[in-house]
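A, B, ... follow the sequence lines: proteins, then strands. Residue 1 opens every chain. This is a predicted model, so every value here is computed, not measured.
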Amino acid sequence: MISKNIVLTFPDGARREYPGGVTGLDVAKGISPSLAKRTVAMALDGRLADLSDPIERDAKIEFVNRDDPRALELIRHDAAHVLAEAVQTLWPGTQVTIGPVIENGFYYDFFRNQPFTPEDFPLIERTMREIIARDRPFTKEIWPREQARTVFADMGESFKVELVDAIPEDQQIKIYKQGDWFDLCRGPHMTSTGKIGNAFRLMKVAGAYWRGDSKREMLSRIYGTAFAKQEELDAYLRQIEEAEKRDHRRLGREMDLFHFQEEAPGSVFWHPKGWTLFQTLENYIRRRQSLAGYAEVNAPQLIDSSLWVASGHMATFRDVMFLVEPKEDDERSYVVKPMNCPGHVQIFKHGLKSYRDLPFKLSEFGKVHRFEPSGSLHGLMRVRAFTQDDAHIFITEQQIAEEVLKVNDLILSIYSDFGFDDVRIKFSDRPEKRIGDDAVWDKAEAALLAALKASGRPWTLNKGEGAFYGPKLEYVLRDAIGRDWQCGTVQVDLNMPGRLGAFYIDEHSNKVTPVMLHRAMFGSLERFTGIMIEHYAGHLPLWLSPVQAVVATITSDADDYAREAAAAAERSGLRVEIDLRNEKINFKVREHSLAKVPVLLVVGRKEAAERTVSIRRLGSDKQQTMPLEAALSSFAQEGVPPDLRRRQQAA
RNA sequence: GCUGCCGUAGCUCAGUGGUAGAGCACCCCCUUGGUAAGGGGGAGGUCGUAAGUUCAAUCCUUACCGGCAGCACCA
């Protein structure tokens with residue numbers, strides 16, 4: 001084959017001509033043997049490729065060494081292959097499937113009768129280190145489709161055969177070898193197994209469905225992670241430990257906020273302090289939406305199932321609804337509400353509504369129950385009974401875009417009060433399971449999209465993820481350690497009001513079905529409380545802290561003064577506790593620090609005589625002595641919720 | 001729901017085929033101590049539930065309930 005010459009552009013801007021089909025390795029060697037030695041892969045026009053790939057066209061070329069951030073995914077992917085080889089060496093007959101790189105590492109899914117346990121890890125890791133030490137080169141072969149099918153079928157690798165069949169006709173079947181072991185893989189890989197290094201670790205085992213399909217086989221997945229350097233691996237492991245310390249389930253116990261028990265799986269027992277936090281958040285939302293023109297209501301917890309049949313819930317979401325066992329002498333069956341919308345529609349319907357009444361905004365801190373799958377429950381984040389800061393806005397079709405925009409602004413303003421400015425918006429369109437004509441969906445989606453575009457915010461499409469009654473926007477927050485949480489939502493509903501017989505009278509005296517917007521801002525108060533706990537690692541801002549200050553005595557001589565100080569703090573509007581116990585101040589400081597109390601007001605003989613307090617803030621070991629009244633007014637001011645502070649400043 | 005692991009005092013955990021232990025927390029006593037654990041004593045558990053194996057089960061088996069991790073699900 002005659003190849004034309006090609007021109008490669010190097011990172012320093014230099015351009016050189018090479019014969020077509022030259023490999024990256026040849027190019028590197030031509031520059032310097034040491035460059036060739038330390039290069040693990042190349043990037044052509046920014047795309048990673050095997051160093052041994054022939055280059056057939058003009059391109060920008062970069063040589064990637066192990067320490068290059070782009071090499072990290074290669075290290076991890078190579079490690080996944082080595083993991084697979086190790087497992088098949090140790091347990092012949094185990095089938096391999098796929099082993100991709102994920103956010104913090106990699107995994108490999110295996111199929112075998114006996115699942116793995118973490119006790120297997122030392123042996124697997126030792127075998128992996130042996131394979132890495134052999135430092136065999138990764139080599140790529142392109143196989144004809146039939147050969148790949150036959151080879152994998154003969155090896156008993158039925159999952160691989162399925163993968164081969166799933167590769168589109170126009171794509172090559174690539175096989176990567178590392179010594180004798182090989183795997184179907186789209187690559188790229190580094191030059192040899194030795195480049196992986198030793199900064200890797202197997203993390204956990206878990207089940208996972210083949211191809212993510214709960215109807216297919218359950219595979220045994222091994223998770224691992226790998227880094228270029230041992231220090232990076234150590235830092236990652238430390239970071240995991242830190243994340244565990246801010247787990248809201250742990251902090252909930254340590255701060256005495258709430259608990260769960262098995263008689264009520266997925267339902268929260270809120271303790272006084274946790275409920276204080278919850279209500280502080282609820283009251284904040286109550287003020288914000290009251291100012292925005294919402295009227296708060298409350299609808300029944302149990303409603304006859306006929307209403308859920310009419311709304312469409314019974315047909316679509318019966319599985320997750322709690323149905324009440326009927327009494328023998330009562331033929332009616334009731335449903336514990338899984339959503340607030342049908343209740344609000346009833347309130348809208350009560351009394352004739354005029355077009356002049358629109359937009360008609362009803363809000364409710366609605367406690368809903370949903371029978372979530374047992375495996376999905378997770379502390380406050382995923383529960384079976386939760387409180388939505390829910391609202392429904394009844395409007396005309398013409399008002400959709402304007403009202404969606406208002407909701408959008410309100411949501412973003414609220415998040416900003418909690419320091420969340422990095423908010424992502426997802427647009428979810430029609431799902432497969434839905435009610436309503438496609439023409440209606442067209443209209444709803446178009447209106448929502450128009451509002452979204454008018455907001456000027458970046459957004460992404462979540463195809464087919466809409467609610468069964470309409471398309472929606474979802475607001476995703478990123479917390480202090482980079483995790484994403486879906487909270488707020490706005491949903492356009494052109495279906496349910498009509499199904500439930502809601503209408504208003506327009507200016508021509510015609511009955512018209514209103515459009516309904518569903519919206520939530522925190523989403524679930526329970527979840528948002530959990531997010532707050534984890535986001536702040538328990539160090540809540542003063543206005544959210546259930547106990548804002550503790551007055552702690554050093555000796556009992558200061559008891560009377562401490563009582564006085566605590567009473568004064570309460571009069572200033574602070575949530576304060578008093579600790580007169582016969583314990584050393586060291587002990588009290590330790591205990592209240594562990595309970596994450598933000599302000600410790602220490603009083604002894606000196607403070608009692610001078611009418612001062614010795615202040616110790618959470619997270620610092622510094623002390624500051626201030627006159628009592630000055631300290632209290634300063635803390636009272638600091639404890640004002642952000643919306644009320646704005647109101648103060650505006651006044 | 002699926003796979004795996006787990007369930008012993010309020011919490012964190014140890015332990016054994018012959019009906020249980022530690023630390024912290026709790027109660028009482030001593031101690032009044034100046035910013036992350038002062039000392040002593042006491043009380044507290046039908047070892048998740050139910051069957052089975054066994055002379056004997058907290059320990060072995062099975063089922064159920066609950067939890068954890070992941071997967072699937074999430075109006």
For the pair made of CG in A/D557 and P in B/G34, what is the distance, rounded to whole Å? 12 Å
Sequence neighbours left out, what passes salt bridge (charged side-chain N to carboxylate O under 4.0 Å, His left out) with A/E474? Give chain and number order. A/K426, A/K472
At under 4.0 Å between heavy atoms, how does the protein contact nucleotides 61-75 of chain B? Give one character per nucleotide, 5' to 3', with B, S or -. ----BSSSSBBBBBB
List the atom pairs, donor and acceptor, that lie under 3.5 Å between side-chain atoms in residues 385-392 of chain A and the rest of the protein, sequence neighbours left out.
{"from": "A/T387", "atom 1": "OG1", "to": "A/E526", "atom 2": "OE2", "distance (Å)": "2.9"}
{"from": "A/Q388", "atom 1": "OE1", "to": "A/N340", "atom 2": "ND2", "distance (Å)": "3.1"}
{"from": "A/D389", "atom 1": "OD1", "to": "A/M521", "atom 2": "N", "distance (Å)": "3.3"}
{"from": "A/D389", "atom 1": "OD1", "to": "A/F522", "atom 2": "N", "distance (Å)": "3.3"}
{"from": "A/D389", "atom 1": "OD1", "to": "A/G523", "atom 2": "N", "distance (Å)": "3.0"}
{"from": "A/D389", "atom 1": "OD2", "to": "A/M521", "atom 2": "N", "distance (Å)": "3.1"}
{"from": "A/D389", "atom 1": "OD2", "to": "A/F522", "atom 2": "N", "distance (Å)": "2.7"}
{"from": "A/D390", "atom 1": "OD2", "to": "A/N340", "atom 2": "ND2", "distance (Å)": "2.8"}
{"from": "A/H392", "atom 1": "ND1", "to": "A/H344", "atom 2": "ND1", "distance (Å)": "2.8"}
{"from": "A/H392", "atom 1": "NE2", "to": "A/H518", "atom 2": "ND1", "distance (Å)": "3.1"}

For B/C27, give the paired nucleotide (Watson-Crick: N1-N3 plus N6-O4 or O6-N4; G-U: N1-O2 and O6-N3; both under 3.5 Å), or none. B/G41
Residues in salt bridge (charged side-chain N to carboxylate O under 4.0 Å, His left out) with A/D442, at least two apart? A/R430
Write down the distance separating the P atoms in B/U46 and B/A9, rounded off to the nearest Å. 9 Å
Watson-Crick or G-U wobble partner for B/A22, using a 3.5 Å limit on both distances? B/U12
Partner set under ring-ring contact (aromatic ring centres under 6.0 Å, His included) for A/F200, not counting sequence neighbours: none
Could you list the residues that satisfy ring-ring contact (aromatic ring centres under 6.0 Å, His included) with A/W441, not counting sequence neighbours? none
Nearest 0.5 angstrom please: A/M321 CE to A/T316 OG1, how far? 9.0 Å
Assess whether one donor atom and one acceptor atom, taken from the side chain of A/S220 and the base of B/U3, lie less than 3.5 Å apart. no
I'd like a list of close polar pairs between nucleotides 11-15 of chain B and the protein, N/O only, cut-off under 3.5 Å.
{"from": "B/C11", "atom 1": "O3'", "to": "A/R253", "atom 2": "NE", "distance (Å)": "3.4"}
{"from": "B/U12", "atom 1": "OP1", "to": "A/R253", "atom 2": "NH1", "distance (Å)": "3.3"}

Which residues satisfy the side-chain hydrogen bond (donor to acceptor under 3.5 Å, both in side chains) test with A/Q289, sequence neighbours excluded? A/S363, A/R519
Suppose the criterion is salt bridge (charged side-chain N to carboxylate O under 4.0 Å, His left out): which pairs have a residue in residues 484-494 of chain A, not counting sequence neighbours? A/R424-A/D484, A/R478-A/D484
Enumerate the residue pairs fulfilling salt bridge (charged side-chain N to carboxylate O under 4.0 Å, His left out) with a member in residues 363-381 of chain A, sequence neighbours excluded, ordered by first and then second residue. A/K337-A/E364, A/E372-A/R382
Rounded distance in Å between the C1' positions of B/G42 and B/C47: 23 Å
Going by the angle between their ring planes, with limits at 30° and 60°, are A/H369 and A/F322 parallel, tilted or perpendicular? perpendicular
Which nucleotides of nucleotides 35-47 of chain B have their base under 4.0 Å from a protein heavy atom (B), which only their sugar-phosphate (S), and which neither (-), written as one string 5' to 3'? BBBS---------
B/A25 P sits how many Å from A/E254 CD, rounded? 14 Å
In short, salt bridge (charged side-chain N to carboxylate O under 4.0 Å, His left out) pairs touching residues 546-566 of chain A with sequence neighbours left out are A/D557-A/R605, A/D560-A/R563, A/E564-A/R611
